[in-house]
Amino acid sequence: MLDVEEDRGHPEKSKRPVASGEIPVRTAAFFAALLAAAGISLAFFVAPGVGLAGVAYLLLQALYSPILKHVAILDVMSISAGFVLRALAGVAAVGEAISPWLIVCTGLLTLFLGFSKRRHELAALGEDAVVHRKNLKDYSIDMLDQMMNIMVAATIIAYAMYTFFAHEDRLMMASIPFVVYGVFRYMLLVHRNGGGNPDTLLLQDRPLQITLVLFLAVVMSVIYFF
């Protein structure tokens, strides 16, 4: 609702229900409040930790939309924080203690995805990028490429450390090649003018899908059979 005017200048986001005029702003506001209340209630029903994560996520969004999304770097860090909160909610839902390595890997990977999304916006929108998102004036494709390179290296190192320290017999390290390939494959797609939506890339790219299946097969085999 806050981004409706900016979304109307975006080739893909202009198709969103509110931006396209399919759903009135008042209707969107009503259902947003209703669904937020229902979601938080359900989260607390599942587990107190899930409810607290839901409240924290809602507060993060309340800060992100009007303030943080307009500040370079903090905008991407806020997106990353949202994914970390989701991971915390998932762990709270199953009643297990979260590994600090999971927080680190989730945070670094989503920073990479966030910076790749900003790169895609700059590449796709060109001179109109600033009209869509004001803080894009503080970014450049070269700068974002450097940030992505840093995040890729940090993610791979953190995941390798995770597999070495978080599992007793070190067999989880067998999953490292799949993570390395998956991250590099994603970078390749970003430089082919992709990266705007990670979900879309995953659903459309067969090598990424195969890599994900093999990664899950290795991880589940190590957990349940070794």
Side-chain angles (χ1 to χ4, degrees), residues 1-21 23-41 43-44 49-90 92 103-104 106-148 150-151 154-155 190 195-199:
M1 292 180 291
L2 293 176
D3 300 340
V4 62
E5 294 301 327
E6 296 176 351
D7 285 351
R8 284 172 180 162
H10 192 279
E12 296 178 5
K13 295 180 181 180
S14 59
K15 300 175 184 178
R16 289 176 172 177
V18 178
S20 65
I23 296 178
V25 173
R26 286 189 176 182
T27 303
F30 171 76
F31 280 101
L34 180 64
L35 291 170
I40 295 298
S41 300
F44 274 107
V50 180
L52 291 175
V55 171
Y57 189 85
L58 195 61
L59 292 175
L60 176 64
Q61 298 311 307
L63 288 172
Y64 175 78
S65 294
I67 301 173
L68 296 176
K69 71 170 292 183
H70 301 296
V71 183
I73 301 177
L74 282 182
D75 60 334
V76 177
M77 292 182 68
S78 300
I79 295 173
S80 177
F83 280 97
V84 171
L85 286 173
R86 295 177 200 182
L88 292 172
I103 297 176
V104 172
T106 301
L108 292 173
L109 178 61
T110 50
L111 281 172
F112 162 67
L113 296 177
F115 287 129
S116 69
K117 186 172 184 179
R118 292 293 178 266
R119 187 190 189 282
H120 172 74
E121 290 172 341
L122 277 177
L125 298 175
E127 295 180 356
D128 296 329
V130 177
V131 176
H132 168 63
R133 193 185 297 277
K134 295 178 181 178
N135 71 337
L136 288 178
K137 70 180 186 300
D138 297 319
Y139 289 116
S140 69
I141 289 181
D142 288 341
M143 177 193 298
L144 288 167
D145 282 338
Q146 292 182 45
M147 291 178 172
M148 289 168 56
I150 293 171
M151 288 301 102
T155 299
V190 168
N197 191 330
D199 299 338

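Rounded to the nearest 0.5 angstrom, Ser80 OG and Leu108 CG are separated by 7.5 Å. In this structure, CG in Leu74 is found 11.0 Å from CG in Leu63, a value given to the nearest 0.5 Å. Atom CZ of Phe115 sits about 10.0 Å away from atom CE of Met143, to the nearest 0.5 Å. Atom CG in Asp145 sits 11.0 Å away from atom CD1 in Ile150 (nearest 0.5 Å). Taken to the nearest 0.5 Å, the CZ atom of Phe30 stands 13.0 Å off from the CD1 atom of Ile23. A distance of 7.5 Å separates CZ of Phe112 from OG1 of Thr155, quoted to the nearest 0.5 Å.
Residue Leu2 comes nearest to Ser65 through the heavy atom pair CD1-CB, 3.7 Å, listed as atom of the first residue, atom of the second, then distance.
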message: With side-chain contact (heavy atoms from CB on, under 4.5 Å) as the criterion, how do Asp75 and Arg118 come out once you've worked through the C-alpha distance, each side chain's angles and the decisive distance to 0.1 Å?
response: CA-CA 10 Å; Asp75 60 334; Arg118 292 293 178 266; 2.7 Å; yes
- request: Go through Asn135 and Val71 one step at a time and tell me if the side-chain contact (heavy atoms from CB on, under 4.5 Å) criterion holds.
  value: CA-CA 6 Å; Asn135 71 337; Val71 183; 5.9 Å; no
Chi angles and distances behind the side-chain contact (heavy atoms from CB on, under 4.5 Å) call for Ile73, Met147: CA-CA 10 Å; Ile73 301 177; Met147 291 178 172; 4.1 Å; yes
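Looking only at side-chain heavy atoms (C-beta outward), Lys117 and Leu113 stay at 4.5 Å or farther from each other. Between Val84 and Leu88 the shortest side-chain heavy-atom distance falls below 4.5 Å. Side-chain atoms of Ile79 and Thr110, non-hydrogen and from C-beta on, never get closer than 4.5 Å to each other.
Under a 4.0 Å N-O distance rule, the pair Asp3/Lys69 qualifies as a salt bridge.
Residue pairs satisfying the side-chain hydrogen bond (donor to acceptor under 3.5 Å, both in side chains) criterion with at least one member in residues 27-38, sequence neighbours excluded, are absent.
Between Asp7 and the choices Arg16, Lys13, Lys15, the side-chain hydrogen bond (donor to acceptor under 3.5 Å, both in side chains) rule is met once, by Arg16.
Judged by distance alone, with hydrogens and angles left aside, the side-chain atoms of Arg119 form no donor-acceptor pair with the main-chain N or O of Ile141 at under 3.5 Å.
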